[in-house]
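Predicted model only: the values in this text are computed from it and were never measured. When a residue number appears, it is its place in the shown sequence, counting from 1.
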Amino acid sequence: MSLEVTFLGTGSAYPSPSRAASALALRREGQCWLFDCGEGTQTQIMRSHLKAGRITKIFITHLHGDHFFGLPGLLCTLSLQSSPDSNKPPVDIYGPLGLRSFIRRTLELSHSQLLFPYVVHELVPTRDQCPAEEFRDFSSLDKDEASSGEAQGRILHLDPVENSYLLVDDEEFVVRAFRLFHRIPSFGFAVEEKPRAGKLNVQKLKEIG
């Protein structure tokens with residue numbers, strides 16, 4: 001299996017003409033996973049060899065603007081490139097508590113209706129991930145009414161045994177989130193490939209010693 005990493009933006013807080021805000025793409029077997037989506041991410045994708053329509057998962061590390069202000073625009077652009085398909089699997093979006101409400105409100109206020117389904121999975125932070133005065137409890141925001149095309153997402157809590165959040169567990173990969181300390185609650189993501197059976201002929205090896 002091939003994995004390819006493309007840095008779409010490595011700037012922080014203040015984008016420049018030559019350095020976009022935070023965004024990174026991981027391409028695997030016809031899919032594209034996006035990590036963070038700062039302003040200008042969709043333009044950077046157009047400049048790269050990547051195809052935005054291949055994005056199946058989006059992971060947001062934290063809710064500082066330079067890491068996710070490009071997300072609503074990207075979703076709307078993906079919609080413009082899509083045709084209605086009720087059988088299309090949803091785009092999975094992972095991020096801190098509060099992300100779902102942000103996406104709902106942005107789409108509602110801009111009168112945007114996506115032509116593809118999406119689902120937001122929120123990670124519940126712990127109070128020790130940021131200075132006490134910066135911590136905000138966004139759990140009440142989930143009571144907002146779901147927007148068009150949004151499927152029911154999961155609320156993910158820390159597994160105290162693994163000290164992480166299990167996000168994806170399929171036949172090939174496990175993706176976990178782990179806590180980071182920042183001015184606001186933040187998360188890192190670990191993508192782990194599962195062991196695969198080798199192609200050695202064990203019986204033949206035994207025969208030749």
Side-chain angles (χ1 to χ4, degrees), residues 22-26 28 31-38 41 52-65 67-79 82 84-126 129 135-160 162 164-180 184-192:
S22 181
L24 180 149
L26 175 67
R28 51 158 293 207
Q31 295 186 51
C32 183
W33 294 0
L34 186 65
F35 294 83
D36 277 343
C37 188
T41 295
R54 297 284 178 87
I55 295 174
T56 58
K57 298 186 188 302
I58 300 172
F59 302 84
I60 302 298
T61 58
H62 63 293
L63 301 184
H64 273 152
H67 290 258
F68 81 122
F69 276 172
L71 183 55
L74 175 64
L75 293 177
C76 290
T77 295
L78 290 177
S79 182
S82 302
D85 182 0
S86 59
N87 296 319
K88 184 176 181 179
V91 173
D92 288 296
I93 304 173
Y94 302 85
L97 202 64
L99 180 60
R100 179 182 294 125
S101 181
F102 170 81
I103 295 174
R104 285 178 180 176
R105 284 287 174 256
T106 304
L107 295 178
E108 178 187 0
L109 293 170
S110 61
H111 295 251
S112 301
Q113 292 189 338
L114 303 184
L115 297 179
F116 62 90
Y118 74 96
V119 56
V120 181
H121 309 285
E122 292 185 306
L123 286 68
V124 179
T126 58
Q129 286 182 250
F135 188 86
R136 301 288 185 274
D137 183 2
F138 293 134
S139 56
S140 63
L141 297 178
D142 282 335
K143 295 179 175 60
D144 295 341
E145 187 175 332
S147 57
S148 176
E150 181 189 346
Q152 182 62 43
R154 293 178 291 156
I155 300 294
L156 302 165
H157 294 269
L158 178 71
D159 181 336
E162 297 290 339
S164 63
Y165 302 72
L166 180 61
L167 309 186
V168 179
D169 188 357
D170 61 22
E171 295 179 355
E172 299 170 337
F173 287 93
V174 173
V175 182
R176 296 183 184 274
F178 53 92
R179 295 174 298 163
L180 299 175
I184 61 174
S186 302
F187 298 91
F189 301 102
V191 180
E192 180 181 354

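Side-chain atoms of L63 and L99, non-hydrogen and from C-beta on, do get closer than 4.5 Å to each other. At least one side-chain heavy atom of I93 sits less than 4.5 Å from a side-chain heavy atom of L75. For the pair L107/C76, a side-chain contact is recorded, criterion being any heavy-atom separation below 4.5 Å from C-beta on.
Remark: E192 pairs with no residue by the side chain to side chain donor-acceptor pair (under 3.5 Å) rule, at least two apart or across chains. By the ring pair (Phe, Tyr, Trp, His ring centres under 6.0 Å) test, Y165 pairs with F187, sequence neighbours left out. The salt bridge (Lys or Arg N to Asp or Glu O under 4.0 Å) search around D137 returns none, not counting sequence neighbours. Residues satisfying the side chain to side chain donor-acceptor pair (under 3.5 Å) test with T106, not counting sequence neighbours, are none. In this view, H62 and H64, H67, H182 satisfy the ring pair (Phe, Tyr, Trp, His ring centres under 6.0 Å) rule, not counting sequence neighbours. Residues passing the side-chain contact (heavy atoms from CB on, under 4.5 Å) test with L26, sequence neighbours excluded: L3, V5, W33, F35, V191. In this structure, P89 has no side-chain contact (heavy atoms from CB on, under 4.5 Å) partners at least two apart in sequence or on a different chain. The ring pair (Phe, Tyr, Trp, His ring centres under 6.0 Å) check on H121 picks up Y94, with sequence neighbours excluded. Considering only residues two or more places apart in sequence or on other chains, S112 meets the side chain to side chain donor-acceptor pair (under 3.5 Å) condition with S110. When the salt bridge (Lys or Arg N to Asp or Glu O under 4.0 Å) test is applied to R176, no partner is found at least two apart in sequence or on another chain.
A side-chain donor-acceptor contact under 3.5 Å links R100 to the backbone of V120. Formation of a donor-acceptor pair under 3.5 Å by the T41 side chain with backbone atoms of G38 is found in this model. Q31 places no side-chain N or O within 3.5 Å of a backbone atom of R28 that could act as its donor or acceptor partner. Counting only distance, with no hydrogens or angles, the side chain of R154 and the backbone of L167 share a donor-acceptor pair below 3.5 Å.
For CZ of R54, the number of neighbouring non-hydrogen atoms (other residues, nucleotides, ligands) closer than 6.0 Å is 12 at most.
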